[in-house]
Each structure stands twice: as C-alpha cells, then as structure tokens.
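Structure first, commentary second.
FYI, the numbering just counts along the sequence from 1. Because the structure is a prediction, the values reported are computed rather than measured. Order of appearance sets the numbers: ligands from 1, and atoms from 1 within every ligand.
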Amino acid sequence: MICNNLSINEQGHLCFAGIDTTLLAEKYGTPLYLMDENRIRERCRTYITAMKEAFGDKAAPLYASKAASFKQIYRIMKEEGMGIDVVSAGEIYTAVSIGFPLEHAYFHSNNKTDEDIDFAMEHGIGYFVVDNEEELKAIDRIAARRSIRQNILLRLTPGIDPHTYEEVATGKVDSKFGSAIETGQAKSITAFSLSLSNINLKGFHCHVGSQVFDSDVFLQSADIMLGFIKEMKDSLGLHTEILDLGGGYGVRYLDSDPMIDIAENIRTVGAHIHKKCADLGIALPTIHMEPGRSIVADAGLTLYTVGTIKKIPGYKNYVSIDGGMADNPRYALYKSSYTVLLANRATEDEETFTCSLVGRCCESGDIIQENITLPANTKRGDLVAVLTTGAYNYSMASNYNRLTRPPVVMLKDGTDFIAVKRESLADLCANDL
Ligand SMILES: *Cc1c(COP(=O)(O)O)cnc(C)c1O
C-alpha cells in the first residue's frame, strides 16, 4: 500500500486509519472525504521536532491552511502548537472562530484588499507577508489609522525553478508572487519598509514551489536568501530576525513517487544553514517552514460510489462516480496523479480493465484519473477509493452543477466523527434571494 494508514481486512475491504471504509460509506454516504487525524498530528510533530533540533527553540513550522481549511484543522494546529499561514479573511475567520491564537498567523496573498488588511489587524494578525510596494503602503496607512506598528515579512522571489509543475512553481523571477532579488526590487522594497513608521520589518519569506522532492531546492533558496540578508545587513544595517523558507515538500500520489524523509531533509537543510550563516558572519535567524500538502495529503482519502460504466469498443472505457471535479478539481487543473482502487473489493485484481475515472459534472474535462485499472467486473454500486486526497481537495471544492459538497469525516483512535457536515440542498440556496 502506498501509505501505512491503509490496509485490507479479511473481507477484502479497504481500511483507513484502521476503520473499514465500506462501513463508513454506509454510515455517512458518498461522496465522502475521510481524514486520519492521528496522521495529521504525527506530521505536525515530525516538523516541530525536526525544526527545533535543527534551528533551536524559536524555529517553527506554519501550517499552510489553504491545503485544507476548516475548524477541526485549526483545533489540531492549535493543540499541536503549529503556527498557520492564511490567505483570506475566510481562513482568518475560520481560525479565529475556534480561538486560534492569531499572533501565530501569517497573512499571505499577492492581492490583499484594504478590507482584508483591516479585518486581519482587527483580529490581531501576527504578521503580514507582504507581496509588493502597493500593499506595503496600504498596510502602513491602515496601521497608522489603528495606531499600531505592524510586523511584516517581505515575500521575495529567489529566482529558482524547482523543476516541478509550471502551475505550482512560484519562486521564479517572473512569478506573480513577491519581489525579485535579481531585479533589485527586493532591495528597494526592503529599504522602503524601513522608511515607514507603522511597519516593523521582521524578515523575509520565499516559497519556490510545491511537490518538491529535492532538498537541493531548499539549500539553494536558503543560500540566496541568506546572501540577501547579509547584503541588507551591510548596506542598510538591517538585523533580520526571521527567515521563512516556504513549504512544498512532496507527497506520494503513486507507488512510483519517491519516498521523502522530512526529518532527515530538515537536518540537512539545518546543517547547511548553520554553516552558511557562519561563513557569511550573520546571526542565525528564526527559521520558519510552511508545509501544507505534506501535513494533510496522505491523511485524506475520498470514497465514491460507481454509477454508469460505459465501454466504447475500440476506444476507451469510462467508470463514472457520484463526485468529480466539484470535489476534486486537481486533475482538471494540473493533470494530477492519483491511486485509485475498489474499496469494497480491494484484493480482486486478477482480471482488470483499463478505464478513465470520471465525475458527474457536465464537462468533458471532469476527470479524476485516466488509464487506471480496476477489476474487470467493476459494477454499479461498487465503492471507489481515491487515495491521498487530504490536500487541495475539500479546500478547492465547488458547487459546480449545484452539487453539494461532501462531508469531512475525521478518523481518530478507531472512532469517526463529522468535522464538516454534508451540504444540504437548502444550503445551496441559502444566499439566493
Ligand atoms: C501553497 C503554499 C505553501 C504550502 O505549499 P505545500 O506544497 O502545500 O506544502 C506554503 N507557502 C506558501 C506561500 C504557499 O503559497
């Protein structure tokens, strides 16, 4: 099995976090998002422990909320002592609603409106991660009106291509995010921040991409960022307190994907950073990382019920399910890979047929995965499991075709409970006048 929270029981049913998924489908219906809470906590602890060992007590991982954002996630992050990244008033509102300490929250986004900025300050956001000069001016202006001095980090683009998908590469010079070091814009926004009386520049942030397996990417970006910090020390007398290296560690969607040892990777990055700081003659800043996907991805699994099976002789076969791009748009967006199997007959694979797993939306692009193999006798009513859906599935879900969003059921210590209710038809019309 691709991940050790999966197993198959004597009846040939797929179990997740030790619980028979067919029983969960019966109890809650499909489509159904399942999340293994213990796995999420385990991943948080891996980051916290490794980062403290590598960088000392102040170092902290920040969970990138956008991977999966709902109240129970923020309760877990609060209990585990994680900081969080947020990108909207909606994520802030959700975190605040369970009493998440917002001084440990970092507000990202390449376009924060004045209303967003005001809302975040109203709730005592810890830091803004500032994308550009216009935003900086707005934050300074709104902070002045509120008579506060706002802590910020500046988002910089170190100019690295992380060799992952184009759509999720964010650290290149021509990215829509941040200020580029190469063009001199990073230095000029740094100097500008220091001139503003309601801004407290605490440090720098970079994020080079997602689904990164190569620790080299983090070593390279650390080198560039530390070099920049040294330059700012020499030219502007700036003491940088925080360096945030971003998120992006990869997860396994397929058996063929590499396995990554996050703790070992962080140790490597840690040793490298200590040496680099010593070489440059600068103090070690507080190091942050912002994992999203690698915290929640393999803690998630989606169950669907098979409906129509269409065989077009000489062409292809389709297996349609009761969900699709509305609950998982990642194939439509990026051609993302997923492992798919029958949850109610997980061991029957002697005779298989090749098919595309497609959703029920009125779009030809509504595909979950192409060229997968399922048992040859796959039929209406069978239960399909799509693995590793904990990140960027629920958080990207929509009501396209007026489909209701599935519930999120948490699995913890052999028990199951609803974290997010299934949307009702009435919910769909809640804002219609
Ligand atoms: C998306 C994002 C992350 C998290 O990336 P993952 O690949 O999910 O770990 C971290 N930081 C920033 C700024 C992001 O945009």
Side-chain angles (χ1 to χ4, degrees), residues 35 39-40 43-44 46-48 50-51 60-69 73 77 82-88 91-92 104-112 125-132 135 152-158 160-172 175-179 203-215 217-218 221-222 225 242-253 257-258 260 262 265-266 269 287-300 329-330 333-334 336-337 388-396:
M35 287 204 95
R39 171 49 50 93
I40 299 173
R43 294 278 188 249
C44 292
T46 299
Y47 272 99
I48 290 172
M51 289 190 68
L62 315 171
Y63 167 66
S65 297
K66 73 181 196 280
S69 174
I73 288 282
M77 296 306 147
M82 298 278 287
I84 54 170
D85 276 3
V86 291
V87 295
S88 67
E91 288 184 355
I92 292 172
H104 300 302
Y106 292 71
F107 189 5
H108 284 259
S109 154
N110 65 309
N111 185 18
K112 304 170 184 78
I125 192 98
Y127 298 79
F128 283 83
V129 183
V130 177
D131 189 86
N132 57 67
E135 179 188 324
I152 67 152
L153 305 181
L154 290 174
R155 179 164 184 166
L156 307 183
T157 41
I160 293 174
D161 178 354
H163 313 297
T164 57
Y165 308 104
E166 187 72 17
E167 290 84 348
V168 290
T170 54
K172 297 198 285 184
S175 164
K176 83 164 177 176
F177 298 105
S179 307
F204 301 100
H205 167 277
C206 65
H207 172 71
V208 293
S210 210
Q211 208 39 3
V212 173
F213 287 98
D214 194 352
S215 72
V217 169
F218 289 97
S221 50
M225 296 298 284
I242 296 173
L243 171 59
D244 186 332
L245 293 173
Y249 276 120
V251 303
R252 298 178 78 225
Y253 288 102
D257 287 335
I260 183 164
I262 288 169
N265 249 270
I266 292 175
V269 176
I287 303 289
H288 290 323
M289 287 179 130
E290 310 166 326
R293 188 191 310 274
S294 56
I295 298 282
V296 290
D298 69 5
R330 292 191 66 253
L333 270 174
Y334 321 117
S336 306
S337 307
T388 329
T389 57
Y392 305 109
N393 273 235
Y394 172 71
S395 64
M396 284 187 169

Is there a polar contact between ligand 1 and [X], counting only N or O atoms under 3.5 Å apart?
X	answer
Arg293	yes
Ala64	no
His205	no
Ser210	yes
Lys66	yes
Gly248	yes

Relative to the heavy atoms of [X], which atoms of ligand 1 are at a distance of less than 4.0 Å?
X	result
His108	13 (C)
Arg155	13 (C)
Gly247	9 (O), 10 (C)
Pro291	9 (O)
Gly292	4 (C), 6 (P), 8 (O), 9 (O)

What part of Tyr392, side chain from CB on, backbone N/CA/C/O, both or neither, has a heavy atom under 4.0 Å from ligand 1?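 The answer is the side chain of Tyr392.
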Below a 4.0 angstrom heavy-atom separation, can you tell me which part of His207, side chain or backbone, both or neither, approaches ligand 1? side chain
Aromatic ring pairing Tyr106/His288, orientation class (parallel under 30°, perpendicular over 60°, tilted between): perpendicular
Proximity flag Ala391 to ligand 1, non-hydrogen atoms under 4.0 Å: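 Per 4.0 Å heavy-atom rule, Ala391 does not contact ligand 1.
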Cation-pi check, Lys112 to Phe107: give yes when NZ or CZ is under 6.0 Å from the six-membered ring centre and within 45° of the ring axis, no otherwise.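 That pair qualifies as a cation-pi contact.
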Backbone N or O of Val129 within a donor-acceptor pair of the His205 side chain at under 3.5 Å? no
Do Arg155 and Ser179 have a side chain donor and acceptor closer than 3.5 Å?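 Distance-only check fails for Arg155 and Ser179.
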Examine the side chains of Ser69 and Tyr394 and answer whether a donor and an acceptor come within less than 3.5 Å of each other.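 No, because no side-chain N or O of Ser69 sits under 3.5 Å from a partner of the opposite role on Tyr394.
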Applying the side chain to side chain contact (heavy atoms under 4.5 Å, CB included) test to Leu62, which of Met82, His104, Glu290 qualifies?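 That would be Glu290.
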If you measure from the Lys or Arg side-chain nitrogens to the Asp or Glu carboxylate oxygens, is any gap between Asp298 and Arg252 under 4.0 Å?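 Result for this pair is no, no salt bridge flagged.
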Mind checking whether Leu153 and Ile242 have side chains closer than 4.5 Å, heavy atoms only? yes
If you look at every heavy atom in Tyr249 and Ser294, which pair is closest and at what distance? O-CB, 3.8 Å
